[in-house]
S.K.: 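Below is the structure I would like to discuss, written out as structure tokens.
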Amino acid sequence: MPHPQSRALGLSPRYGAFIDNAFRPVAGLTFPAAAAATGEPLADIARCGADEIEAAVAAAEAAFPSWKARAPEERAACLHKLAAAIEADAERLMLIDTLDIGRGLWETGIDHAIAVAQYRYFAAAIVTHEGFGRPIPDGYLIAKREPYGVCGQIIPWNVPAIMAAFKIAPAVAAGNTVVLKPDENASLSTLELCKHIAEIFPPGVINVVPGFGDEAGAALTAHPRAAKLAFTGSSEVGRIVSVAGAQRLVPVSLELGGKSPNIVFPDVAAADIDAVVDNVTFAAMYCNGQSCLAGTRLFLHEAIYDDVMSRLLASMARIRVADPTSQGPLLGCLVSEKQGRRVQSYIDIGRQGGHLVTGGERVAVPGCAAGWFFAPTVFETTNSSRIAQEEIFGPVLSVIRWKDYETMIREANDVRYGLAAGLYTRDLSRAIETADRLQAGNVWINNYFNLASGSPFGGFKESGIGSEYCRETLNMYTHLKAITVQTQIKPAWYAPKA
Ligand code: NAD
């Protein structure tokens, strides 16, 4: 039986690839989108492959010259209209994501607000980012930025609205056209976004090709006319995408995994400890722990260890594990059975090597029999343990006791990732020194997850290459070209005299 809300939400029963502003009829195989919490079917989605990628790239290629030639103000106007359309449709889109991936409405609402801000940010940024020039002897140098052409983009499932916005907004603002592959676990809100895109953008500028990674994804990264690749997902697949780009010598930007430290110093004021605990809880449990940025390694100084731990456990106990469609802050279910089993296996590993302090159990939520819900889970462990080193992508926090500053810094950096970090202290100079020494693309002092359009977002080490969310992103989506102009044709220096 289809999910009772799928018709009221305006979902199409079947989605083909979105190419040239229209959904193609589904010809071949499909895969189901099902509600993460109940397992009820939401829609069937075309399992695209090389043929659809070829058609989408051809459409994007045909649309590129005229899209590139449009004034930045015109491209910006389309992005502003898309932002307004999402804003007006946000309640529907956020419910679609909540059903599709199991995250609470309060979170998916934030996703769409961030996506709206991201479209507006790049609409504004591109208008002031068109190149620069300077005089040279007897002439003028024009250095300008030019879009690459067709961008092949691949995104994961955890925050679909944000991921689509991070990829589409800078690419099309800069004058590129796009072929985007959403994740097979979370395609619906991106496919619904296409219905707005069709009303706003010229055909072929934004094309969406759903499907599986090793089919549609691999065909897109291998396509000879995809001039730039942008990927967000796991470091393992990032490496595959990077190799595909290297084989064709096209630029690749990567936003990958994380295992971020969240460090509490002993000088935190007693009056601030509850706020620190709140940040720490949020950092680990937001997005049901399925965030690349999650603060999953908590470094607690021994002087405040017991106090913070007892309040942390109380904070974890207050978290409501609930049906994701209910209102208010809650911990919903993981996106799929596969992800649930992965988290369960890490909990089992953690039980062998660390001390389970709370959680570790699957939770049954009435009416959501298919959902993989877990109680917030906290382990006391060491930085070298597997649960502290590997990205779990679930509501599991590893707590590590520290005493010596140098050892703590070494351990905080002793991980393959380098996406984010948080730290809490009253000592500003210590905070800045620590921020400088942490190998992470984002360091938050006295808070966590503090992101706004315009702040660079990208990883060190195996967390990625490139920066999204900021003006620098426009450079990632453009070549730099130099044109020199001289007013007269003069002989070159070696020209023979007549
Ligand atoms: P994933 O790497 O398994 O999949 C991501 C995307 O890649 C999906 O669309 C998938 O279909 C596609 N894909 C898989 N194999 C492919 C292949 N061979 N060729 C081309 N495409 C392929 O990741 P996931 O499980 O969907 O997402 C979780 C991961 O994403 C985590 O590691 C998380 O940290 C990371 N992530 C990073 C950021 C960031 O900005 N740094 C944001 C969100 C998620």
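Every number for a ligand or one of its atoms is a count from 1 in the order of the listing. Scope of the values below: all heavy atoms of this structure, side chains included, with no hydrogens, waters or symmetry mates.
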S.K.: Test your reading of the structure: does T232 have an N or O sitting under 3.5 Å from an N or O of ligand 1?
M.R.: no
S.K.: What class does the angle between the rings of F449 and F282 fall in, given that below 30° is parallel, 30 to 60° is tilted and above 60° is perpendicular?
M.R.: perpendicular
S.K.: Which atoms of ligand 1 are found less than 4.0 Å from any heavy atom of N158?
M.R.: 43 (C), 44 (C)
S.K.: Decide yes or no for V178 and K167: does some side-chain heavy atom of the first lie under 4.5 Å from some side-chain heavy atom of the second?
M.R.: no
S.K.: If you round to the nearest 0.5 Å, how far is CG of N288 from SG of C333?
M.R.: 7.0 Å
S.K.: Among all protein heavy atoms, pick the one closest to atom 27 (O) of ligand 1 and tell me residue, atom and distance.
M.R.: P156 CB, 3.4 Å
S.K.: Report the nearest protein non-hydrogen atom to atom 24 (P) of ligand 1: residue, atom name, distance rounded to 0.1 Å.
M.R.: W157 NE1, 3.4 Å
S.K.: Hey, which atoms in ligand 1 end up nearer than 4.0 Å to a heavy atom of I154?
M.R.: 6 (C), 7 (O), 9 (O), 12 (C), 20 (C), 21 (N)
S.K.: Any side-chain heavy atom of L9 sitting closer than 4.5 Å to one from L99?
M.R.: yes
S.K.: Where does the angle between the aromatic ring planes of F393 and W157 fall among parallel (under 30°), tilted (30 to 60°) and perpendicular (over 60°)?
M.R.: perpendicular
S.K.: Tell me which protein heavy atom sits closest to atom 23 (O) of ligand 1, plus the residue, atom name and distance to 0.1 Å.
M.R.: S234 N, 3.4 Å
S.K.: Side chains of I206 and L180: closer than 4.5 Å at any heavy-atom pair?
M.R.: no
S.K.: Are any of the heavy atoms in A218 under 4.0 Å away from ligand 1?
M.R.: yes
S.K.: In terms of atom number and element, which parts of ligand 1 are under 4.0 angstrom from non-hydrogen atoms of G217?
M.R.: 19 (N), 20 (C), 21 (N)
S.K.: Do the side chains of V208 and K181 get nearer than 4.5 Å, heavy atoms only?
M.R.: no
S.K.: Could you tell me the residue and atom name of the protein heavy atom closest to atom 28 (C) of ligand 1, and the distance to it rounded to 0.1 Å?
M.R.: F393 CE2, 3.5 Å
S.K.: Quick one: look at E184 and ligand 1, take heavy-atom pairs under 4.0 Å, and tell me if it's side chain, backbone, both or neither.
M.R.: side chain
S.K.: Which ligand 1 atoms, with their elements, are less than 4.0 angstrom from a heavy-atom of K181?
M.R.: 9 (O), 10 (C), 11 (O)
S.K.: Assess whether a salt bridge exists between R47 and E184, defined as any Lys/Arg side-chain N lying under 4.0 Å from an Asp/Glu carboxylate O.
M.R.: no
S.K.: Kindly indicate whether the side chain of D183, heavy atoms from C-beta on, has any atom under 4.5 Å from the side chain of P160.
M.R.: no
S.K.: Applying the side chain to side chain contact (heavy atoms under 4.5 Å, CB included) test to D97, which of H112, R103, E192 qualifies?
M.R.: H112
S.K.: Side chain of R297, backbone of I387: donor and acceptor closer than 3.5 Å?
M.R.: no
S.K.: Please confirm whether F457 comes under 4.0 Å of ligand 1, counting heavy atoms of the residue only.
M.R.: yes
S.K.: Answer yes or no: does an N/O atom from T221 fall short of 3.5 Å to an N/O atom of ligand 1?
M.R.: no
S.K.: For ligand 1, does E236 get within less than 4.0 Å through its side chain, its backbone, both, or neither, judged by non-hydrogen atoms?
M.R.: neither
S.K.: Any atoms of ligand 1 less than 4.0 Å from a non-hydrogen atom of L419? List them with their elements.
M.R.: 41 (N)
S.K.: So which protein heavy atom does atom 34 (O) of ligand 1 come closest to, and at what separation?
M.R.: E391 OE2, 2.6 Å
S.K.: Would you say the side chain of Y119 lies within less than 4.5 Å of the side chain of H80, judging by non-hydrogen atoms?
M.R.: no
S.K.: With a 4.0 Å heavy-atom cut-off (strictly under), which part of I155 contacts ligand 1: side chain, backbone, both or neither?
M.R.: backbone
S.K.: For atom 17 (C) of ligand 1, find the nearest protein heavy atom and state the residue, atom name and distance (0.1 Å precision).
M.R.: G213 O, 3.4 Å
S.K.: Suppose we measure from atom 35 (C) of ligand 1 to each protein heavy atom; which comes out shortest, and what is that distance?
M.R.: G233 O, 3.2 Å
S.K.: Could you tell me if K461 sits above the aromatic ring of Y417, with its cationic atom closer than 6.0 Å to the ring centre and no more than 45 degrees from the axis?
M.R.: no
S.K.: Heavy-atom distances under 4.0 Å are what count here, so tell me which part of L256 touches ligand 1: side chain, backbone, both or neither.
M.R.: backbone
S.K.: List the closest protein heavy-atom neighbour of atom 36 (N) of ligand 1: residue, atom name, distance to the nearest 0.1 Å.
M.R.: C292 CB, 3.5 Å
S.K.: Students often mix this up, so state it plainly: with edges at 30° and 60°, are the rings of F201 and W67 parallel, tilted or perpendicular?
M.R.: tilted
S.K.: Heavy-atom contacts under 4.0 Å between D183 and ligand 1: side chain, backbone, both, or neither?
M.R.: both
S.K.: For ligand 1, is any non-hydrogen atom under 4.0 Å from F166's backbone (N, CA, C, O), its side chain (CB onward), both, or neither?
M.R.: neither
